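Contents: one structure, followed by commentary.
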Protein chains: 2
Amino acid sequence: MDFLSRETAVAEKANLHSVAAHAGVSIATVSKVVNGIHLGMSQATLERVQASINELGYRPNRTGRGLRTLRRFMIGLAVVDPSPTFLTDPFTTNLVAGLSNYLSEQDFGLLLHGIKPRQVEQSFLVRENVVDAFCLMLSGSANSRRTNTAMFAGLNHPLVVFQCKPDETLQDICYINQDDRGGALELAKHILLREPANALIVIPDIFWPAIEKRVEAFWEVLRGAGVATKVLRCDEHSADHIGHSISQHIGRHGLPDVILGGNDKIAVAALQMLDSRGVSVPDQVAVSGFNAFEQHRHAGGNLTSASSPAYEMGVLGGKLLLKRLQSTAFEKNEYTLPVKIIPGATA
Amino acid sequence: MDFLSRETAVAEKANLHSVAAHAGVSIATVSKVVNGIHLGMSQATLERVQASINELGYRPNRTGRGLRTLRRFMIGLAVVDPSPTFLTDPFTTNLVAGLSNYLSEQDFGLLLHGIKPRQVEQSFLVRENVVDAFCLMLSGSANSRRTNTAMFAGLNHPLVVFQCKPDETLQDICYINQDDRGGALELAKHILLREPANALIVIPDIFWPAIEKRVEAFWEVLRGAGVATKVLRCDEHSADHIGHSISQHIGRHGLPDVILGGNDKIAVAALQMLDSRGVSVPDQVAVSGFNAFEQHRHAGGNLTSASSPAYEMGVLGGKLLLKRLQSTAFEKNEYTLPVKIIPGATA
DNA sequence: CTGAAAGCGCTTACAG
DNA sequence: CTGAAAGCGCTTACAG
C-alpha cells in the first residue's frame, strides 16, 4: 500500500477537526450541527458552522461514526447462487430493487454479494464483521439451504430470509415469503372455470420450494375437481428445451385442455411451441404462468398468470430489519405476502 | 436508539481485546495473526491465538480497521435511473454481477444504490463519505449525464463511468465503454451480404448514447453501400408498441429487406410481429438485434445480434478501481471493450 | 450555550 | 519474539 500518497489525499479531505478550526468552534459543536441537534444553539454559531461545512465541502465520515455508534448503517444481501450472473432472475432483481430503495430512503446502504453455495464460509461477509444485519436469498437443495441459513444465523446478526421454509431452531431470524400456495389455489380455481378434463403442469427439473408449493396447490384443486392431471419436469434453461419436452409429452399423451406453467418463462415457451404447431390458445389449450412482473406485463402476449410481490418483499425485508435494529427482537418470525392472479387472454 | 440493549449485544461479540485476553497475549499480536503477519512469531503463540479466535468466533470488525487504515474496502455503484426497478435491464444486471463478483474476490464490498436523476445530491452516498470509490451508470439526457458525472467527480474519490462519452475537464475519472460503433459496423457489413435494397433501423424514442452510436454506424455502412435506409423511433416499453409502430411504418413505406433493431428487445418484438403477419424471416425480411446476453441466447429464436461485454465491463471497472486505490491515478482514462457479432438464423 | 475528554476496534512504527 | 501506545473520525455524557 502506498501510505504516503494516501496520507496526502486524506489531508485534503475535510473532517470534524478542520471544520471546527475553520469555524472557530469545537468538534463537538460541529458534530451537533451535522446531526441536526441544535437545541438552544446560538443562531450565529449554527450559521458559522454551516458556512464552514459548505466551504470546505465536508462530508461526514461514516467509518468514524460507525465505530463510535457501533452501527455500520449497512445491510448485507447474500444471494446464494451457483451462477456468476446471479441477478438474471426478475424475482431477484425486483426484490433487490425494493430492498435497495427502501434502505436508501433510510440512509442505509445495501451491500450486494453473490456467493456460490459451497463458498459461503469463505465470503468476507461471513468471515468479517461488515454489516449490521443480513438478508438471504437461497437456491439449491433443502439441505444446502438449511446449512447456509444456519451459517448466517450463527453470525449473531439479525437475519431476514426470503422464500424459504422457516427453521424453528434458529434465533433472531425472520422469513418473508410470497403466498405461492394461495396464488396457485386461486389460479387453479380460475382455470377450473374452463371445465378442463385433463391438465398438464410443467415445472423446472431443479428443486425450488416455491415451485413445489405451486404444484401442490394446482394438484389439489385440479384433482379435487376430477381433472386428470400430470406433472412434467423439464430443463427450463432454454425455451427450445421446454418446448421440446412439452411437445414430446403431448406426442405420447395427447393435447391437454390446459397447461399450467410453474413460472412465466415456461408458460411463454409453451405458448411459442403451441403457436409454431398451429395450436390455438386458449381455444384448444389454455395456458397459465406464475410470477409475473409489472415491467414485463407488456412484453409478450396477454398471459394469464399470478403476480409476484418480489419488490414489496424487498421493501418489507428492509423495514423489518431496520425496526429490528432499533429493538431487541423481530416482532413476528414469518410474513407471507399475497400473490394475486392476473386473468389474461390465455386461460 | 436503545443504547442499553446495544451495549449488551456488543458485549457478547468477540473483539481484539477479548481474544487477546483469552489467549494471554496483546491485541497487537492477535491483529498480526488475523492479518497473516507471522514473521518470526512463535508457533506456540500462533496456535494459541488461532485457537482463541476459533473458540470465541472472532470476526474482525471492518469499521475499526477502516478507521485506522482510512479504507472502507467498499465501492459504491450509483445507478441513476428514473425507475424504481432500476435493475431490469440485462445490461445493468450483467455489469453489476461482474463488478460484484470481482470485488467479492478481492474482499471488497459493493454498495448498490439506485438514484433518481434529480435526487443525486440528496443521496447519502453523495452527502456522506461512505465508500473508497464510485462506479456510475447513467441514464437521461446528455446534459443530465454531464451534471451527474461532474457531481460525483467533485466528491474527491476515484470514479469509473460506464457507457458514457468522456468529459476531458474532469479529474480522476475513467470511462469504460463497449465498442458499439465497432459492433454495429461489423453487424451492418454482415447484413450487407444479403444485398438488401432497403433497410429499416428501429430504435427507442428516448436518448441513449450507445444507441446513437449504433445507428450512426448502421447508417454509414448501409448508405455507403447504396441501401435506401430509414430510421424509426418508437416507444420500446412494450413489444406490442414496437410491433405496432413497425407495422404502421411498413404500411406506409412497404416491407424493407432488413430490419435492424437498436437492441434485442426491439428485434424480438419485430420477429413476433412479422410472424403474426405471416412474413417469413429471413426470406422476406432479415432481422438483427444488438446487445445479446449469454443467458438469454437460448431464450427465443436464433436471432442475429451482437454480444454485449457488460459482465466484463463490470469486472474491468472493479479491477481498475482497485488498482487506482493502490496508486495515485488511473493509467488510462478510457477503455473500450469489443462487441462481437453473433450470426444467427434471422439475418 | 459550548467544549474537553473518553472511547468505539483496529493497525503499525517503535521500543524492549 | 511481543507489547505499549498513538491515533484514524466520530458521538455523547458531563462539566462549566
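Residue numbers start from 1 in every chain, and the chains themselves are labelled A, B, ... in the order their sequence lines are given, proteins ahead of strands. Predicted model only: the values in this text are computed from it and were never measured.
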For residues 105-121 of chain A, dump all side-chain donor-acceptor pairs below 3.5 Å to protein atoms at least two apart in sequence or in another chain.
{"residue": "A/D107", "atom": "OD2", "partner": "B/R127", "partner atom": "NH2", "Å": "2.7"}
{"residue": "A/H113", "atom": "ND1", "partner": "B/S104", "partner atom": "OG", "Å": "2.9"}
{"residue": "A/H113", "atom": "NE2", "partner": "A/S123", "partner atom": "OG", "Å": "2.8"}

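Taking atom CZ on B/F73 and atom P on C/dG9, their separation rounds to 18 Å, with Å as the unit. Whole-Å rounding puts the B/R68 CZ to C/dC10 P distance at 13 Å. Rounding to whole angstrom units, CD of residue A/E128 and P of C/dG9 are separated by 16 Å. Note: NE2 (B/H17) to C1' (C/dC10) measures 9 Å, nearest angstrom. Taking atom CZ of residue B/R62 and atom P of nucleotide D/dC8, one finds them 22 Å apart after rounding to whole Å. The nearest whole Å value for the distance from the CG atom in A/L16 to the P atom in C/dA6 is 18 Å. Between the CD1 atom of A/I37 and the P atom of D/dT11 there is a distance of 8 Å, rounded to whole Å. Distance, B/L67 CG to C/dT11 P: 11 Å, rounded to whole Å.
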Collect all protein-nucleotide pairs involving nucleotides 2-4 of chain D in which both atoms are nitrogen or oxygen and the distance is under 3.5 Å.
{"residue": "D/dT2", "atom": "OP1", "partner": "B/S42", "partner atom": "OG", "Å": "3.2"}
{"residue": "D/dT2", "atom": "OP1", "partner": "B/T45", "partner atom": "OG1", "Å": "2.3"}
{"residue": "D/dT2", "atom": "OP2", "partner": "B/S42", "partner atom": "N", "Å": "3.2"}
{"residue": "D/dG3", "atom": "OP2", "partner": "B/S26", "partner atom": "N", "Å": "2.9"}
{"residue": "D/dG3", "atom": "OP2", "partner": "B/S26", "partner atom": "OG", "Å": "3.3"}
{"residue": "D/dG3", "atom": "OP2", "partner": "B/T29", "partner atom": "OG1", "Å": "2.8"}
{"residue": "D/dG3", "atom": "O6", "partner": "B/K32", "partner atom": "NZ", "Å": "3.0"}

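With sequence neighbours excluded, the residues that form a ring pair (Phe, Tyr, Trp, His ring centres under 6.0 Å) with B/F152 are B/F134.
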Note to self: With side chain to side chain donor-acceptor pair (under 3.5 Å) as the criterion, how do B/T147 and B/S144 come out once you've worked through the C-alpha distance, each side chain's angles and the decisive distance to 0.1 Å?
What the structure shows: CA-CA 5 Å; B/T147 310; B/S144 141; over 6 Å; no

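Annotation: salt bridge (Lys or Arg N to Asp or Glu O under 4.0 Å) contacts involving residues 35-63 of chain A, sequence neighbours excluded, comprise A/R62-B/E128. Sorted by first and then second residue, the salt bridge (Lys or Arg N to Asp or Glu O under 4.0 Å) pairs involving residues 323-332 of chain A (not counting sequence neighbours) are A/D172-A/R324, A/K323-A/E331.
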Check: Based on Watson-Crick and G-U pairs with both distances under 3.5 Å, what dot-bracket line describes DNA chain D 5' to 3', crossing pairs as [ ] and inter-strand pairs as |?
Finding: |||.||||||||.|||

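Within 6.0 Å of CD in A/Q171 there are 12 or fewer heavy atoms belonging to other residues, nucleotides or ligands.
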